[in-house]
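Shown next, in structure tokens, is the structure this report addresses.
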Amino acid sequence: MKRFECLKALASMIDEKTIVVANVGPISREWNALRPSDANLLQVNLGLCAAVGLGISVSLPHRQVVILDGDGNLLLNLASLADMANQNLSRAVHIVLDNEAYEGGGGLRSATAGKADLSAIARGAGVPESCVVTTPEEFETKARESLISPGHYFMVAKVEQGSVAKLPILTLDGKEAKYRFARYIESTEGVQILRPRYTHI
Amino acid sequence: MKQKYAEIVYAALKESGINFVAYLPDDQIHDAQKMIAEDSAIVTVAVTNESEGVSACAGAWLGGARPALIIADSGLLVATWGLASLSVSYGIPMLVIIAHRGEVGDRANWRFITYKFTTEPLLDTLQIPYVRASKPEEAREVISGAQLSAFLWQHPVAVLLSGEVLRDE
């Protein structure tokens, strides 16, 4: 199964207000090509994106949050799974595009190429809905189910290594990504994030 | 930490508008953490890894909350990855409250001299401004000032609680 095909199917299912947090590496580049939006927070560094999604989800429980994770990325901070489970997230879909490798780091094998089973780990951590999908049809069915129903879903999609040619280059650095995402949340939620009160000019 | 000092820390966080707290339990600041966790007006995330706590605070801020991370000085070492890679590099503000047994005369055993050596140099290296509150009467102003600066600067700012603030007797 190709990662790009999974992401393409996902992009066709979500609405424009779905918040997407993705980890650094080819996942972010592919997602940006398929669904460029200020509702995306892309390229979050290794081990951190699940917990960023957790923070967003508990702050905005009425918003659909999709976390696009990698196997190596999640393996760095498996503790996130336990803490996410304990928050009873209302609209969170956590998808691991598991290529069993550190593709962005050169392609050497990750622990899921060996014995680690992230779906079992998530279940053991208390995530209520956890599954593994290996075909595009299964991916589409499970993704659709998890987006329709409230709750916290975890899905491991077993994908091949390799991306697609001529993806647009990601041009945002962290600060610009922050400003654009925060301004998007301000405009859609009517909250003030970036304009704290100034004590003087 | 005496209960009355825990109450000062808790009240200072409330007055500062903190409405999201990620914490990893620490015996030196446990009483304040407990008051926060029991306050239904504050969203709390009990984390099992301090770097994850940084990430949760970053997400919370992006979602419109005012976050604080409450950890031990030992946990600051674990938090450095998230602080450097997310909070500092993106410019995502958060108040970082650190229980720091780093003063001569603190009741801290051999284990804690390590964090005497690591805490302030790490904050300097990460370019995270910090301010210390050793006396209970300083705590309120220090916490509210650090919170204000964090959110005006859009940068993490740390408060080192130490000395009398942390003492049990």
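By convention in this document, chain letters (A, B, ...) are assigned in the order of the sequence lines, proteins followed by strands, and residues within each chain are numbered from 1. No hydrogens, no waters, no symmetry mates; every other heavy atom, side chains included, goes into these values.
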Quick check: closest heavy atoms across A:Ala51 and B:Ser55, and the distance to 0.1 Å?
CB-CB, 3.4 Å

Which atom pair, heavy atoms only, marks the closest approach of B:Gly59 to A:Ile56?
O-CG1, 3.3 Å

Atom CD of B:Gln127: over 12 foreign heavy atoms under 6.0 Å
no

Pick from B:Pro67, B:Ala46, B:Ala22 with the largest number of heavy-atom pairs that fall under 4.5 Å of chain A
B:Ala46

Looking at every non-hydrogen atom in both residues, tell me the closest pair between B:Tyr90 and A:Lys175 and how far apart they are.
O-CG, 3.4 Å

Please state whether the side chain, the backbone, both or neither of A:Leu76 comes within less than 4.5 Å of a heavy atom of chain B.
side chain

How far apart are the closest heavy atoms of A:Leu48 and B:Ser85, and which atoms are they?
CD1-CB, 3.9 Å

Relative to chain A, which segment of B:Val78 carries a heavy atom at a distance below 4.5 Å: side chain, backbone, both, or neither?
neither

Chain B heavy atoms under 4.5 Å from A:Glu189: which part of the residue, side chain, backbone, both or neither?
neither

Residue A:Val65 versus chain B: region with a heavy atom under 4.5 Å
neither

Assess whether atom NZ of A:Lys8 is packed by more than 12 heavy atoms of other residues, nucleotides or ligands within 6.0 Å.
no

Is the number of heavy atoms from other residues, nucleotides or ligands under 6.0 Å of B:Glu137 CD greater than 12?
yes

Heavy-atom pairs under 4.5 Å with chain B, option from A:Val21, A:Asn86, A:Asn77 with the top count:
A:Asn77

Contacting region of A:Ile19 [heavy-atom separation from chain B under 4.5 Å]:
neither

Does atom CZ of A:Arg35 have more than 12 heavy-atom neighbours from other groups under 6.0 Å away?
yes

Minimum heavy-atom distance A:Ala182-B:Leu62, with the two atoms named
CB-CD2, 4.3 Å

Need one label for B:Val45: side chain, backbone, both or neither, based on atoms under 4.5 Å from any heavy atom in chain A.
both

Please confirm whether the backbone N or O of A:Asn45 pairs with a side-chain atom of B:Trp81, one donor and one acceptor, at under 3.5 Å?
no

Looking at B:Gln154 and A:Leu194, what are the two nearest heavy atoms and their distance?
OE1-CD2, 3.4 Å

Within a 6.0 Å radius of atom NZ on B:Lys34, are there more than 12 heavy atoms belonging to other residues, nucleotides or ligands?
no

Is the backbone of B:Gly64 close enough, under 3.5 Å, to the side chain of A:Glu186 for a donor and an acceptor to pair up by distance?
no

If you count the non-hydrogen atoms of other residues, nucleotides and ligands that lie under 6.0 Å from NZ in A:Lys158, is the total more than 12?
yes

For A:Glu176, look at atom CD and say whether over 12 heavy atoms of other residues, nucleotides or ligands are found less than 6.0 Å away.
yes

Cut-off 4.5 Å, heavy atoms of chain B, and the answer for A:Tyr184 is neither

Part of B:Ser89 within contact of chain A (heavy atom distance under 4.5 Å):
backbone

Residue selection (most heavy-atom pairs with chain B, distance under 4.5 Å) from A:Leu41, A:Val52, A:Val191:
A:Val52

Would you say A:Lys2 has more than 12 foreign heavy atoms packed within less than 6.0 Å of its NZ?
no

Spatial distance of atom OG (A:Ser59) from atom CG (B:Asn19) [nearest 0.5 Å]:
7.5 Å

A:Asp83 (side chain) donor-acceptor with B:Thr48 (main chain) under 3.5 angstrom
yes

